[in-house]
Each structure stands twice: as structure tokens, then as C-alpha cells.
Engineer: 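Please see the structure below; I have some questions.
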Amino acid sequence: MLFKLRILFSTIAIAFALYGLVSEDPPEFIMTVMLLSLGAMMFVMGFSEYNSNKKASAYFSFIAAVFVGFVSIYSLF
């Protein structure tokens with residue numbers, strides 16, 4: 001289940017990143033959704049690592065997810 005969520009969020013992020021590269025002037029909303037999906041992917045990765053008793057990489061993934069989420073929400077304003 002966690003693997004499928006990680007694949008889903010990474011596919012969303014790749015799709016929006018490719019759209020941002022192809023279009024000449026991508027809207028800010030596209031980049032925000034891309035960053036939110038990357039943050040969600042990092043959170044799922046952290047949860048997966050925590051379940052497999054890799055605490056250090058899990059905490060790093062959680063911190064990265066919070067940072068990316070903060071940046072994506074901050075970029076809206």
C-alpha cells in the first residue's frame with residue numbers, strides 16, 4: 001500500500017514537473033501542486049522507513065516533507 005502511494009505521488013510530481021518544463025510560462029499553482037506531491041511522497045517514504053526500523057532516515061524524510069510542505073504553502077502567498 002505504501003509503495004503504491006509513493007509511486008502515485010512521484011508520478012504526479014513528475015507529470016507536473018514535465019508540464020512546467022514544456023510550457024513557456026507555467027502557473028504558480030502547478031509548481032505548488034508539484035511540491036505538495038513531493039512532500040507527500042517524502043512523508044510516505046518516512047513512514048515506510050519508520051516501519052522498517054530505519055529511524056534516522058525516517059526522521060530525515062519527515063523533516064524534508066515538512067520543509068517541502070512549508071515551502072509549497074509559502075509560495076502560494
Side-chain angles (χ1 to χ4, degrees):
M1 178 67 184
L2 292 177
F3 183 73
K4 290 179 183 179
L5 280 175
R6 188 168 54 181
I7 295 295
L8 174 73
F9 288 132
S10 63
T11 304
I12 291 170
I14 289 171
F16 282 120
L18 287 175
Y19 177 74
L21 285 174
V22 171
S23 68
E24 292 180 13
D25 190 24
E28 289 293 322
F29 179 72
I30 298 296
M31 296 302 146
T32 302
V33 171
M34 181 191 68
L35 284 173
L36 280 174
S37 65
L38 283 174
M41 183 186 70
M42 291 298 292
F43 184 78
V44 169
M45 285 175 60
F47 193 70
S48 174
E49 294 290 324
Y50 189 79
N51 284 341
S52 65
N53 291 329
K54 297 180 183 177
K55 305 275 191 242
S57 62
Y59 293 143
F60 182 71
S61 293
F62 286 140
I63 291 170
V66 168
F67 178 73
V68 170
F70 174 76
V71 168
S72 66
I73 292 172
Y74 185 77
S75 69
L76 283 175
F77 302 107

Engineer: Consider only side-chain heavy atoms of I, L, V, M, F, W and Y, link residues closer than 4.5 Å, and tell whether Val71 and Leu36 are in one cluster.
Structural biologist: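 Shared cluster, no.
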Engineer: Which atoms form the tightest heavy-atom contact between Ser61 and Gly46, and what is the distance?
Structural biologist: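 Between these two residues, the closest heavy atoms are CB-CA, 3.5 Å.
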Engineer: Between Glu28 and Ile30, is a side-chain contact (heavy atoms from CB on, under 4.5 Å) present by the stated rule, with each step listed?
Structural biologist: CA-CA 5 Å; Glu28 289 293 322; Ile30 298 296; over 6 Å; no
Engineer: Does CZ belonging to Phe60 count more than 12 external heavy atoms closer than 6.0 Å?
Structural biologist: no
Engineer: Just to verify, what does Phe3 make a ring pair (Phe, Tyr, Trp, His ring centres under 6.0 Å) with, not counting sequence neighbours?
Structural biologist: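 Counting only residues at least two positions away or on another chain, Phe3 forms no ring pair (Phe, Tyr, Trp, His ring centres under 6.0 Å).
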Engineer: What heavy-atom pair brings Ala58 and Tyr50 nearest, and what distance separates the two atoms?
Structural biologist: CB-N, 3.6 Å
Engineer: Ignoring hydrogens, what is the shortest heavy-atom contact between Gly69 and Ser72? Give both atom names and the distance.
Structural biologist: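 Heavy-atom minimum between the residues: O-OG, 2.9 Å.
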Engineer: Please report the closest heavy-atom contact between Gly39 and Val68, naming both atoms and the distance.
Structural biologist: N-CG1, 3.8 Å
Engineer: If you count every heavy atom of other residues, nucleotides or ligands that lies below 6.0 Å from Phe43 atom CZ, does the total exceed 12?
Structural biologist: no
Engineer: Do Tyr19 and Phe29 land in one hydrophobic cluster if side-chain heavy atoms of ILVMFWY residues count as linked below 4.5 Å?
Structural biologist: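 In one cluster with Tyr19: Phe29, yes.
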Engineer: What is the distance from atom CZ of Phe62 to atom NZ of Lys55, rounded to the nearest 0.5 Å?
Structural biologist: 9.5 Å
Engineer: Of Val33, Leu35, Leu38, which meets side-chain contact (heavy atoms from CB on, under 4.5 Å) against Phe16?
Structural biologist: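 When side-chain contact (heavy atoms from CB on, under 4.5 Å) is applied between Phe16 and each of Val33, Leu35, Leu38, only Val33 qualifies.
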Engineer: Is it the case that one hydrophobic cluster holds both Ile12 and Ile14, taking links as side-chain heavy atoms less than 4.5 Å apart, direct or via other members?
Structural biologist: no
Engineer: Atom CE in Met1, atom CZ in Arg6: separation rounded to 0.5 Å?
Structural biologist: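 Here the rounded value is 13.5 Å.
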Engineer: Determine, using the 4.5 Å side-chain heavy-atom cutoff (strictly less than), whether Ile63 and Met45 are members of one ILVMFWY cluster.
Structural biologist: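 Hydrophobic grouping puts Ile63 apart from Met45.
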Engineer: Would you say NZ of Lys4 has more than 12 non-hydrogen atoms from neighbouring residues, nucleotides or ligands within 6.0 angstrom?
Structural biologist: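 12 or below, so no.
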